[in-house]
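To start, the structure itself, in structure tokens.
All chains are named by letter (A, B, ...) in the order of the sequence lines, taking the proteins before the strands, and each is independently numbered beginning at 1.
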Amino acid sequence: GENVEQHPSTLSVQEGDSAVIKCTYSDSASNYFPWYKQELGKGPQLIIDIRSNVGEKKDQRIAVTLNKTAKHFSLHITETQPEDSAVYFCAASDTDKLIFGTGTRLQVFP
Amino acid sequence: GAVVSQHPSWVICKSGTSVKIECRSLDFQATTMFWYRQFPKQSLMLMATSNEGSKATYEQGVEKDKFLINHASLTLSTLTVTSAHPEDSSFYICSATTARLQAGDEQFFGPGTRLTVL
């Protein structure tokens with residue numbers, strides 16, 4: 001089955017800097033890669049996703065890149081703000097279910 | 001659009017009792033719903049997948065007789081934790097999709113239910 005690894009587990013940046021979170025997956029059949037933001041005590045919220053027929057996708061300050069050959073995908077947040085502080089999860093879709101990464105706790109210091 | 005609610009948001013119960021958690025899709029019909037469990041500072045672990053009108057499919061290691069799932073309508077799925085014990089204390093999260101799931105269908109997540117078993 002699918003296995004998703006996520007790094008780093010924690011990430012601290014200064015407000016205005018960029019943050020990058022990386023994930024690798026094992027199942028070459030996976031073709032949907034969403035990223036979720038989870039605030040304390042709340043459910044995950046989809047922030048961006050990418051499908052395997054696309055190499056890069058951008059939405060304002062957030063972008064995701066996908067390298068199918070290497071089986072890894074990354075989340076890029078530019079011009080970080082304190083409200084970006086949260087736990088971020090990547091996931092990969094393996095047939096009929098999402099497999100989540102282990103999460104990255106992002107702290108943005110003002 | 002695509003809002004999923006859960007009730008209750010938190011619950012405290014005594015060991016040995018049963019607790020029911022509801023998951024509702026408010027503005028769409030959810031043919032497939034998922035139940036996840038999340039322990040503190042850990043990732044989401046899929047417990048089971050349920051399709052409306054059929055039996056749930058449980059992940060390996062999840063006891064189907066302990067975690068009863070009912071997906072009786074296109075807008076409601078329930079998870080009942082039977083004979084709860086302290087080790088069942090966790091954050092339970094549901095999600096829903098709008099179509100028979102294929103790889104790449106977006107899942108819409110509920111806000112979660114914090115269960116504490118004393």
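A 6.0 Å sphere centred on CG of L40(A) holds no more than 12 heavy atoms belonging to other residues, nucleotides or ligands. When the shell of 6.0 Å around CD of E79(A) is examined, it contains 12 or fewer heavy atoms from other residues, nucleotides or ligands. Sparse packing is recorded around CD of Q60(A), with 12 or fewer heavy atoms of other residues, nucleotides or ligands lying under 6.0 Å away. Within 6.0 Å of the NZ atom in K66(B), the count of heavy atoms belonging to other residues, nucleotides or ligands exceeds 12. Within 6.0 Å of the NE2 atom in H7(B), the count of heavy atoms belonging to other residues, nucleotides or ligands does not exceed 12.
The main-chain N or O of G103(A) is never found under 3.5 Å from a side-chain atom of S43(B) such that the two would form a donor-acceptor pair.
Using a 4.5 Å cut-off between heavy atoms, Y36(A) touches chain B through its side chain atoms alone. For F89(A), the part sitting under 4.5 Å from any heavy atom of chain B is the side chain, from C-beta outward, and nothing else. Interface remark: L44(B) contributes backbone and side-chain atoms alike to the contact with chain A (heavy atom separation under 4.5 Å).
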- Steps toward side-chain contact (heavy atoms from CB on, under 4.5 Å) verdict (L98(A), E106(B)): CA-CA 10 Å; L98(A) 286 174; E106(B) 179 179 349; over 6 Å; no

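When each of G41(A), S9(A), P34(A) is checked for heavy-atom pairs under 4.5 Å with chain B, G41(A) comes out on top.
Under a hydrophobic clustering in which Ile, Leu, Val, Met, Phe, Trp and Tyr are joined whenever their side-chain heavy atoms come within less than 4.5 Å, directly or via other members, F73(A) and L106(A) fall into the same cluster. Tracing side-chain contacts under 4.5 Å through hydrophobic residues (I, L, V, M, F, W, Y), one reaches I62(A) starting from L11(A); they form part of the same cluster.
In this structure, OG1 on T102(A) lies 14.0 Å from NZ on K41(B), to the nearest 0.5 angstrom. To the nearest 0.5 Å, atom CD of residue Q38(A) and atom CD of residue Q38(B) are 4.0 Å apart. Atoms CD and CZ, on Q45(A) and F109(B) in that order, are 11.5 Å from each other to the nearest 0.5 Å.
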